[in-house]
Amino acid sequence: MKFSKSYIPTMKEVPSDAIIPSHILMLRSGMVRMLSAGIYSFLPLGYKMIKKITTIIREEMDEIGGQEFHLPALNPREIWEQTGRVEAFGDTMFHVKNRDYVLAPTHEEIMTYHAKGNIKSYKEMPQIWYQIQTKFRNEARPRSGIIRGRQFLMKDAYSFDSSFEELDKSYDLHYNAYRKIFDRCGIKYFVVGASSGAMGGNKSEEFMVKSDAGEDTVAYCEHCGYAANIEVATSNIEAVKRYDESKEIYEISTPNIKSIDELCEFLGINERETAKSRIYIFEEKPVLVLMSGNDEVNETKLENALGGAVRPAHPEELKEISGADAGSIGPIGFGHRIIADLRLKDGNNLYSGANKNDYHIGGIDLKRDLPDLEYFDLRTVEKGEKCTRCGEELDVFKAIELGHIFKLGTKYTEALGATFLNENGKENPIVMGSYGIGVERVLACYVEQNFDEKGIVWDEHLRPFDVHLLGLNMKKESVIKASEEIYSKLNEAGYDVLFDDRNSVQAGVKFNDADLIGVPVQLIVGERGLKENKVEIKIRKTGERFNVELDNILEEVKKLVK
RNA sequence: CGGGGCGUAGCGUAGUCCGGUUAGCGCGCCUGCUUUGGGAGCAGGAGGUCGCAGGUUCGAAUCCUGCCGCCCCGACCA
């Protein structure tokens with residue numbers, strides 16, 4: 001493709017709105033432009049990359065027997081009401097104003113709708129149906145360029161099986177296909193166990209990329225490879241002690257002592273001798289959650305333990321519930337449900353709030369004083385704690401979710417009545433799996449992992465062109481002739497070449513645009529080299545340059561472009 | 001949705017506190033000549049509802065009120 005005829009609007013300056021490298025570079029290299037918050041137009045260069053990625057995805061999905069659909073983005077609201085997800089998505093779902101339609105944020109309902117009544121026998125399964133479609137979500141705060149938008153391209157696949165054992169097989173097929181897809185894209189990723197959240201179902205895993213721009217937090221063990229979303233991660237930690245002798249309960253005046261740290265300093269004790277109280281509202285009733293010291297409540301774990309959504313109590317509710325404000329709340333004399341983190345199990349001689357401002361209680365024995373206390377794993381894992389598998393230290397960092405695979409089960413097929421007859425002629429709900437990939441995120445993550453101060457650095461996995469040919473001074477007959485010849489020769493040999501044939505810009509502009517766009521191999525045709533019948537080759541990644549004979553170019557390109 | 005910041009030509013910005021020439025600069029763009037291996041030089045030129053709407057004032061980019069948009073932090077998030 002000739003640069004002079006292309007629309008590749010590169011930018012020298014950094015747009016002030018962009019912060020993260022992938023966003024800056026995708027704007028600067030002319031791949032995307034923002035239309036509105038979280039809404040991006042893909043320009044030819046960016047869309048070309050999207051097409052390359054979706055080609056890889058299609059090939060691997062087809063390889064496991066996937067069949068591609070193209071479903072409507074505009075959906076009747078009624079179908080979504082049948083599964084309760086209009087409410088579940090809430091404000092995140094876009095509603096059409098002048099008709100009872102919604103803009104689909106995902107497609108479980110619609111795929112299930114098509115399965116219903118059409119997959120009638122166990123003999124017709126397994127089925128794997130997928131599509132690559134724009135999804136719409138009314139994100140409260142779009143961010144990080146293309147990584148979290150209000151509309152985004154997703155590959156979503158759904159498996160339909162006659163049993164949970166069969167679902168396991170479909171799930172494994174997807175797991176392996178996803179590994180191939182991300183490997184072929186050259187992305188450095190890892191897989192974590194995850195919470196399935198509002199999607200329903202049980203087992204789920206996420207394909208993650210480590211990045212400060214990420215919105216998920218994961219715990220990762222370098223040593224054994226253990227990886228889990230912080231929402232479900234566990235670690236080996238020291239439990240609180242149980243002393244041989246339990247003290248009696250006694251009240252302590254603790255004026256203006258609010259935090260655990262202040263309490264520890266005031267009393268000269270260790271944080272493991274304290275129990276922190278947090279009040280949550282579950283099913284409109286308060287629940288006191290008791291944690292050891294400064295341990296953080298993990299709300300996902302809490303919701304799993306209680307079996308439903310929770311919210312922290314508002315500060316103004318606390319006094320009415322407990323009799324005290326935050327900082328003085330505790331389990332003794334608390335008139336509502338109390339649950340505790342496992343770390344506190346059977347602890348004694350503990351200090352906690354007295355449910356009276358400026359007072360704490362010491363000598364608490366959880367076994368003696370709260371005999372009915374329920375214990376759950378409720379704490380959030382922290383960096384440096386020991387891995388449950390190998391005992392080495394865990395790292396905790398931010399990551400971008402690229403893909404997510406779920407064993408959904410029968411949530412949607414039951415709600416929509418998608419059933420089949422099994423070997424015994426008995427009616428059963430179809431067992432589903434759901435598998436997503438954020439297509440633009442693959443692109444953004446690739447860029448996040450492959451750039452330098454000059455621009456993007458594509459490699460053999462992903463690249464917009466095979467070769468970037470620069471005709472430096474396109475007013476000189478010798479340069480025009482030589483570069484046009486090379487261009488034709490490479491095209492005939494089947495290479496995808498970006499030919500910078502502009503005669504309006506300086507050589508420096510071409511060099512910088514080439515480095516910014518980041519095609520792996522640059523062929524530089526200038527008068528200087530042509531005097532010796534030579535052309536310069538530059539390897540974008542290493543910056544290495546060398547001259548080759550004009551006649552040997554094709555062979556050199558064959559060696560360099562895989 | 002809460003907190004903070006910002007909105008001036010395609011991009012980056014000065015001017016705003018303290019109202020007063022024709023709103024300035026760099027990049028980019030157009031024309032001509034020169035230049036041509038790492039973002040050129042000279043000359044000429046086009047391009048602005050100063051986010052929008054009200055208000056105050058002889059006079060508003062500047063002050064006041066309301067709204068809209070964008071970025072960052074938080075909440076939320078399959």
Side-chain angles (χ1 to χ4, degrees), chain A residues 9-20 23-24 27-28 30 33-39 83 85 88-93 104-109 135-145 147-150 152 154 156 158 194-201 204 206 213-217 229 231 299-300 309 311-312 314 401-406 408 411-412 434-438 441 454-455 470-476 478-480 500 502-516 522-531 534-536 538 543 545 547:
Chain A
T10 58
M11 288 191 277
K12 191 156 96 178
E13 284 170 291
V14 179
S16 58
D17 284 351
I19 308 290
I20 66 166
H23 191 195
I24 292 170
L27 286 168
R28 287 192 55 214
R33 286 291 185 269
M34 188 179 80
L35 183 63
S36 177
I39 304 177
T83 56
R85 291 175 103 200
F89 271 103
D91 197 44
T92 303
M93 182 178 258
T106 172
H107 278 88
E108 280 79 8
E109 276 78 356
K135 311 289 176 189
F136 299 86
R137 292 186 194 178
N138 185 23
E139 298 294 349
R141 178 151 94 87
R143 66 185 90 179
S144 305
I147 288 172
R148 186 179 194 77
R150 292 213 169 105
F152 57 97
M154 176 157 125
D156 48 323
Y158 308 87
S195 161
S196 45
M199 289 294 287
S204 92
E206 290 171 319
E215 298 173 286
D216 289 273
T217 306
N229 194 300
E231 292 176 343
E299 293 186 7
T300 306
R311 66 165 175 87
H314 303 305
E401 178 188 347
L402 271 189
H404 202 159
I405 56 178
F406 296 87
L408 273 186
K411 175 178 162 138
Y412 298 97
S434 159
Y435 317 90
I437 293 178
R441 284 186 179 184
K454 301 288 277 181
L470 324 206
L472 291 190
N473 183 353
M474 291 301 282
K475 282 175 181 159
K476 293 285 183 218
S478 61
V479 177
I480 296 173
D500 196 340
R502 291 175 292 178
N503 61 14
S504 54
V505 297
Q506 296 273 122
V509 175
K510 297 191 178 190
F511 286 127
N512 283 302
D513 274 349
D515 289 345
L516 175 60
Q522 297 175 12
L523 296 185
I524 300 157
V525 181
E527 278 189 295
R528 202 172 74 187
L530 287 177
K531 280 180 193 150
K534 283 185 174 165
V535 169
E536 184 173 294
K538 177 178 163 184
R545 310 139 165 274
N547 288 316

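The basis for the numbers below is simple: all heavy atoms, side chains too, and nothing from hydrogens, waters or symmetry mates. A note on names: the letters A, B, ... follow the listed sequences, proteins ahead of strands, and every chain is numbered from 1. Since the model is a prediction, treat every value here as computed from it, not as a measurement.
Annotation: side chain of A:Glu536 is in contact with side chain of A:Arg528 (closest heavy-atom distance under 4.5 Å). For the pair A:Lys538/A:Asp515, a side-chain contact is recorded, criterion being any heavy-atom separation below 4.5 Å from C-beta on. When side chains are defined from C-beta on, A:Tyr158 counts as touching A:Ser434, because their heavy atoms get closer than 4.5 Å. Contact annotation: the side chain of A:Glu108 approaches that of A:Arg85 to within less than 4.5 Å [non-hydrogen atoms, C-beta and beyond]. Between A:Leu530 and A:Lys476 the shortest side-chain heavy-atom distance does not fall below 4.5 Å. By the 4.5 Å heavy-atom criterion applied to side chains, A:His23 and A:Ser144 are not counted as neighbours. The shortest side-chain heavy-atom distance between A:Phe511 and A:Leu472 falls under the 4.5 Å cut-off.
Nucleotides B:A53 and B:G44, compared at atom P, are 37 Å apart to the nearest Å. To the nearest whole angstrom, the two P atoms, one in B:C63 and one in B:C6, are 12 Å apart. B:G54 and B:G3: their P atoms are spaced 28 Å apart (whole Å). Distance check on atom C1': B:C72 versus B:A60 gives 30 Å, rounded to whole Å. Nucleotides B:C18 and B:A61 are separated by 15 Å at their C1' atoms, to the nearest Å. The separation of B:G55 from B:G74, taken at their C1' atoms, amounts to 35 Å, rounded to a whole angstrom. Spacing between B:U65 and B:U57 at atom C1', rounded to whole Å, works out to 16 Å. Between B:G2 and B:G12, the two P atoms lie 28 Å apart (nearest whole Å).
Considering only side-chain atoms of A:Arg28, the nucleotide from B:C76, B:G39, B:G37 that sits closest is B:G39. When distances are taken from the side chain of A:Glu215 to each of B:G37, B:C70, B:C77, the shortest belongs to B:C77.
Both A:Glu401 and A:Gly145 lie near RNA chain B, and the one whose nearest nucleotide falls closer to the 5' end is A:Gly145. Take the nearest nucleotide of RNA chain B for A:Lys454 and for A:Arg441: the residue whose nucleotide is more 5' is A:Lys454.
Base engagement by A:Asp515 is indicated by at least one non-hydrogen atom pair under 4.0 Å involving a base atom. Contact annotation for A:Ile19: backbone-only contact, meaning every heavy-atom pair under 4.0 Å involves sugar-phosphate atoms and none involves a base. If you check every strand for non-hydrogen atoms under 4.0 Å, A:Gly90 touches nothing. Residue A:Ala37 is in sugar-phosphate contact alone, with no base atom involved, counting any heavy-atom pair closer than 4.0 Å across all strands shown.
For the OP1/OP2 pair of B:G12 and a distance below 4.0 Å, the side-chain nitrogens and oxygens of A:Ser16 include at least one atom meeting the criterion. Between A:Arg141 and B:C72, a side-chain N or O to OP1/OP2 separation shorter than 4.0 Å is present. Phosphate proximity of B:C70 to A:Ser36: present, with a side-chain N or O under 4.0 Å from OP1 or OP2.
The NE2 atom of A:His23 sits 13 Å away from the C1' atom of B:C72 (whole-angstrom rounding). Here the C1' atom of nucleotide B:C76 and the CD atom of A:Glu299 are 11 Å apart, to the nearest Å. In this structure, A:Met11 places its CE atom 14 Å from P of B:G10, rounding to the nearest Å. Atom CZ of A:Arg150 and atom C1' of B:C70 are 11 Å apart (whole Å). Summarising the geometry, the separation between CZ on A:Phe152 and C1' on B:C77 is reported as 10 Å, rounded to the nearest angstrom. What separates CZ of A:Phe406 from P of B:C77 is a distance of 13 Å, to the nearest Å. In this structure, CE of A:Met34 is placed 9 Å from C1' of B:C71, rounded to the nearest angstrom. Computed from coordinates, the A:Asp17 CG to B:C72 P distance equals 8 Å when rounded to whole Å.
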| Which dot-bracket string fits RNA chain B when only Watson-Crick or G-U wobble pairs with both atom distances under 3.5 Å count, crossing pairs get [ ], and | stands for a partner on a different strand? | ((((((((.[[[[.)....(...]]]].((((((.....)))))).....[[[[[..)....]]]]])))))))....
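Side-chain N or O atoms of A:Arg28 include one that pairs as donor or acceptor with a backbone N or O of A:Met11 at under 3.5 Å. Here the side chain of A:Lys510 pairs a donor or acceptor atom with the backbone of A:Arg502 at under 3.5 angstrom. At distances below 3.5 Å, at least one donor-acceptor pair connects side-chain atoms of A:Arg33 with backbone N or O atoms of A:Leu27.
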| message | For nucleotides 26-36 of chain B, give me one character per nucleotide, 5' to 3': B if any protein heavy atom sits under 4.0 Å from the base, S if the only such contacts are to the sugar-phosphate, - if neither. | response | BS-------BB
| Going through the distances and angles, do A:Glu215 and A:Arg441 end up as a salt bridge (charged side-chain N to carboxylate O under 4.0 Å, His left out)? | CA-CA 12 Å; A:Glu215 298 173 286; A:Arg441 284 186 179 184; 3.6 Å; yes
